[in-house]
Amino acid sequence: MKTYEIATIPGDGIGKEVVPAGQQVLEALAKTSSTYRFNFENFDWGADYFREHGVMIPDGGLDKIRNKDAILFGSAGDPHIPDHITLWGLRLKICQGFDQYANVRPTRILPGIDGPLKRCGPDDLNWVIVRENSEGEYAGVGGRVHQGHPIEAATDVSMMTRAGVERIMRFAFKLAQSRPRKLLTVITKSNAQRHAMVMWDEIALQISKEFPDVTWDKELVDASTARMINRPASLDTIVATNLHADILSDLAAALAGSLGIAPTGNIDPEHRYPSMFEPIHGSAFDIMGKGLANPVGTFWSCVMMLDHLGETDDAQRLMRAIEQVTANRAMHTRDLGGIATTAQVTQAVCELLTAPRQRKAA
Ligand code: NAD
Ligand code: MN
């Protein structure tokens with residue numbers, strides 16, 4: 001029997017509600033497996049830890065999770081602490097410390113969920129956005145001078161390296177190649193940003209030659225927002241810089257019905273470090289502590305985690321259970337226009353996973 005060592009880091013706000021829900025679902029899944037089980041270790045890092053200790057993660061914290069098989073993360077962000085402190089102190093520290101350079105965000109309209117696009121059937125929107133997750137606009141390069149004086153100046157420099165762009169392009173082409181349509185759209189802004197984004201385009205062309213069976217095109221990031229809405233079926237796999245993909249993937253999540261159902265994986269494709277899986281939403285201050293958080297984004301992130309661990313059959317089994325639950329409108333949380341609670345949705349998924357019939361079908 002294989003044991004997967006999983007670090008859970010709920011973080012702040014509704015992260016503390018959806019991560020335990022995700023753990024419950026994974027435990028229900030493992031209960032019916034004869035080949036593997038999970039061993040969870042929880043880490044109370046985040047804003048509360050910061051209030052007590054002045055840091056989001058203790059010294060040497062990363063070493064405690066370095067040898068885990070995967071990380072299940074909630075969200076970082078607190079109404080009383082500046083967002084750049086919580087984000088850089090926790091989530092980015094892990095993403096950058098473990099060189100999780102590919103951020104992968106699948107988007108589909110799940111059964112039973114109404115997307116806001118009128119003429120968009122469920123088969124018209126089936127995307128995976130690949131976000132460069134280690135450099136670019138969020139490289140952290142920059143500074144402030146003359147602070148507080150009238151001549152104050154500040155920079156955030158977008159830093160792109162050939163090695164960094166080559167590896168994300170290769171990852172995106174490979175992912176596009178593995179999907180039925182073998183179709184990749186490279187998002188750019190090389191008309192206005194004439195240095196790094198021009199290199200980005202050149203490298204896309206270079207890497208495309210390694211993947212002759214992948215059809216690909218280029219789209220300016222501003223035009224791509226209109227295309228996502230007007231011609232969603234023309235897109236399949238999408239690769240974009242850290243900032244561009246950050247924005248596009250929130251749009252994608254909204255087009256699929258809610259921020260609350262969208263998952264993501266921060267992946268180290270070389271498996272040198274643990275990869276980290278999390279819902280894309282934040283701490284949701286407006287609903288935290290009320291039991292109203294939609295746990296589906298976390299469950300879908302667990303599906304990505306299982307795939308990454310190589311448990312592809314159980315990944316599919318969990319995805320089917322999630323879809324059966326979203327298809328039932330009585331199990332919709334408030335963000336989807338329903339009245340179900342986090343606990344009810346979690347229980348519904350767990351019951352499907354442990355029901356004798358589903359077990360046999362799997
Ligand atoms: P948010 O995602 O927290 O919330 C946006 C809106 O969506 C809110 O109305 C919220 O109630 C709703 N929502 C989000 N997730 C939901 C869910 N699972 N179920 C139901 N409704 C849901 O974004 P925000 O308000 O911009 O940010 C709040 C805090 O979270 C900030 O501190 C921000 O920095 C942080 N944040 C963290 C991450 C992360 O850790 N990955 C991502 C985004 C935002
Ligand atoms: Mn974001």
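Count residues from 1 along the sequence. Each ligand, and each atom within it, is numbered from 1 in the order the structure gives.
Separation of atoms CG (L184) and CD1 (I238) is listed at 9.0 Å; rounding is to 0.5 Å. To the nearest 0.5 Å, the span separating OG1 on T241 from OH on Y138 amounts to 8.0 Å.
Heavy atoms from other residues, nucleotides or ligands lying under 6.0 Å from CD1 of I229 number more than 12. The environment of CZ in R119 is sparse: at most 12 heavy-atom neighbours from other residues, nucleotides or ligands sit within 6.0 Å.
Geometrically, R167 engages Y101 in a cation-pi contact defined by less than 6.0 Å to the ring centre and at most 45° from the axis.
Between V18 and ligand 1, a contact under 3.5 Å exists for no N or O pair. Residue contacts with ligand 1: A76 is placed with a nitrogen or oxygen under 3.5 Å of a nitrogen or oxygen of the ligand (distance criterion only). For ligand 1, the polar-atom distance check against S283 finds a nitrogen or oxygen pair separated by under 3.5 Å.
Listed by number with element, the atoms of ligand 1 under 4.0 angstrom from any heavy atom of R91 are 39 (C), 40 (O), 41 (N). Atoms of ligand 1 lying under 4.0 Å from any heavy atom of G282, numbered from 1 in the order shown and given with element: 1 (P), 2 (O), 3 (O), 30 (O), 36 (N), 37 (C), 38 (C), 42 (C), 43 (C), 44 (C). The distance from ligand 1 to the heavy atoms of F285 drops below 4.0 Å at these ligand atoms: 28 (C), 29 (C), 31 (C), 32 (O). Within ligand 1, counting atoms from 1 as listed, the ones closer than 4.0 Å to a heavy atom of S75 are 40 (O). Annotation for ligand 1: atoms under 4.0 Å from non-hydrogen atoms of A293 are 19 (N). The distance from ligand 1 to the heavy atoms of G77 drops below 4.0 Å at these ligand atoms: 32 (O). Here is the list of ligand 1 atoms found below 4.0 Å of a heavy atom in E278: 41 (N). Numbered from 1 in the order shown, with element, the atoms of ligand 1 that lie under 4.0 Å from a heavy atom of I14 read 15 (N), 16 (C), 17 (C), 18 (N).
For F73 and F277, the distance between ring centers is not under 6.0 angstrom.
In this structure, of L292, L259, D78, the residue bringing a heavy atom nearest to atom 5 (C) of ligand 1 is L259.
Of the possible donor and acceptor atoms, none in the side chain of E311 sits under 3.5 Å from a partner among the backbone N and O of L306.
Under a 4.0 Å heavy-atom criterion, I280 is in contact with ligand 1. Distances from ligand 1 to the non-hydrogen atoms of I287 include at least one value under 4.0 Å. Residue G297 places every heavy atom at 4.0 Å or more from ligand 1. For the ligand labelled ligand 1, residue L87 lies outside the 4.0 Å heavy-atom shell.
In the model, N39 has no side-chain atom that pairs as donor or acceptor with a side-chain atom of R37 under 3.5 Å. Side-chain contact, S190 with D201: a donor N or O sits under 3.5 Å from an acceptor N or O.
Side-chain atoms of M304 and V104, non-hydrogen and from C-beta on, do get closer than 4.5 Å to each other.
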